[in-house]
> 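Mind having a look at this structure? Questions to follow.
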Number of protein chains: 2
Amino acid sequence: MLIRVDGSSTVPLYEQIAAGVRRAITEGAVSRGDRLPAAKELGASLDVNMHTVLKAYGQLRDEGIIEMRRGRGVTVVDQPADHALLAESARKLVADARRAGLTAEEIIRLVDVRDQKRRE
Amino acid sequence: MLIRVDGSSTVPLYEQIAAGVRRAITEGAVSRGDRLPAAKELGASLDVNMHTVLKAYGQLRDEGIIEMRRGRGVTVVDQPADHALLAESARKLVADARRAGLTAEEIIRLVDVRDQKRRE
DNA sequence: ACCTATTTGTCCGTATGTATG
DNA sequence: CCATACATACGGACAAATAGG
């Protein structure tokens, strides 16, 4: 799994790392159930502090794509959900959001993981 | 707003602080739109590090309960309930979708109601 | 327009705790 | 018991956004 970070970028290091791991997964460089390098280890290879890697990992965990366990390490979450169920959940979310008065753009922003800046 | 923490508890300090703020809001000790004490300030009064308070605040922000802005501070949002529920639903949807292997663009399409409109 | 203080955001380093194997 | 690896907490440093003089 090769990830590169740019210290001069305005994008936070932990976001770059998280994006790199996501990319490695979607591109198949890392498979489901695979173990990711220990935070300390990946940090060393990127010349980045362990905590920064842990923050990236924590974000991915919150997104549900990896699992973190003490003493055991980090693994890519095992397997899928059903597309029909996803569509159903999506319709519900949109309905709720519309009731709450959100615009289409705001609803999209709700699930947009591409712009990694905190919503403000 | 009075919060107390127990350093000997197994519950993490930042969880205790987050719980205390939630309680203060639901009990009406803090109103919508009110400003919460600066992390440094609350930390000093609780004898806890600023970063620990910031972690608690960050959790509440992820739940949609508060807003944080540099230079300005932390404020309780207008409609915590609605926003929190929506954010939570969205988070789950994104997590499920990612487990199903959907890309960010595919996830957005799930909730995009702007049919043929151009997305910039 | 400028400067300063405030306050959150990120990153680093260290230390200690806790679950796993 | 021991090594591994994440979890929490502290502290310091600097950056970036905001507000006020």
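Labels below follow one simple rule: chain letters A, B, ... track the order of the sequence lines, proteins then strands, and each chain is numbered from 1. Not measured: the values here are computed from a predicted model.
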> Could you give the CD-to-P distance, from E67(B) to dA17(D), as a whole number of Å?
17 Å
> Heavy-atom distance under 4.5 Å between the side chains of Q59(A) and E15(A), does that happen here?
yes
> Among all residues two or more places apart in sequence or in another chain, which pass the side chain to side chain donor-acceptor pair (under 3.5 Å) test with D47(B)?
none
> Of the nucleotides dT10(C), dC6(D), dT8(C), which has the atom closest to the L54(A) side chain?
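From the listed options, dC6(D) comes nearest.
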> Is there side-chain contact between L42(A) and L36(A), with at least one heavy-atom pair below 4.5 Å?
no
> Could you state the CG-P distance from N49(B) to dC11(C), rounded to the nearest angstrom?
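My rounded result for the distance is 18 Å.
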> Please tabulate, one pair per line, each protein N/O and nucleotide N/O from nucleotides 19-21 of chain D that are separated by under 3.5 Å, including the distance.
| from | atom 1 | to | atom 2 | distance (Å) |
| --- | --- | --- | --- | --- |
| dA19(D) | OP1 | R72(B) | NE | 3.4 |

> Looking for any heavy atom pair under 4.0 Å, which part of the strands does M50(B) touch: base, sugar-phosphate only, or nothing?
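M50(B): base contact, heavy atoms under 4.0 Å.
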> In residues 34-41 of chain B, what residues come within less than 4.0 Å of DNA chain C, judged by heavy atoms?
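Going residue by residue through residues 34-41 of chain B, the ones with a heavy atom under 4.0 Å of DNA chain C turn out to be R35(B), A38(B), A39(B).
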> CD1 of I65(A) to OH of Y57(A): how many Å apart, nearest 0.5 Å?
11.0 Å
> Please report the distance, rounded to the nearest Å, between CD in Q59(B) and P in dT8(C).
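About 17 Å, once rounded to whole Å.
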> Both R70(B) and T52(A) contact DNA chain C. Which one's nearest nucleotide lies toward the 5' end?
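Going by which nucleotide is closer to the 5' end, it is R70(B).
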> With hydrogens left out and only the distance checked, is there a donor-acceptor pair under 3.5 Å joining H51(B)'s side chain and the base of dG12(D)?
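Yes.
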> Where do I17(A) and I3(A) come nearest, in terms of heavy atoms and distance?
O-CD1, 4.1 Å
> Within the structure provided, determine whether K92(B) and L93(A) are in side-chain contact (heavy-atom separation under 4.5 Å).
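No, too far: nothing below the 4.5 Å cut-off.
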> Is there a donor-acceptor pair closer than 3.5 Å between any side-chain N or O of R22(A) and the backbone N or O of L60(A)?
no
> Whole-Å distance between dT6(C) C1' and R69(B) CZ?
16 Å
> Assign each of D47(A) and T10(B) to its nearest nucleotide of DNA chain C by heavy atoms, then name whichever residue's nucleotide is nearer the 5' end.
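Comparing both residues, the 5'-ward one is D47(A).
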> Could you state the interatomic distance from CD1 (I107(B)) to CD1 (I108(A)), rounded to the nearest 0.5 Å?
13.0 Å
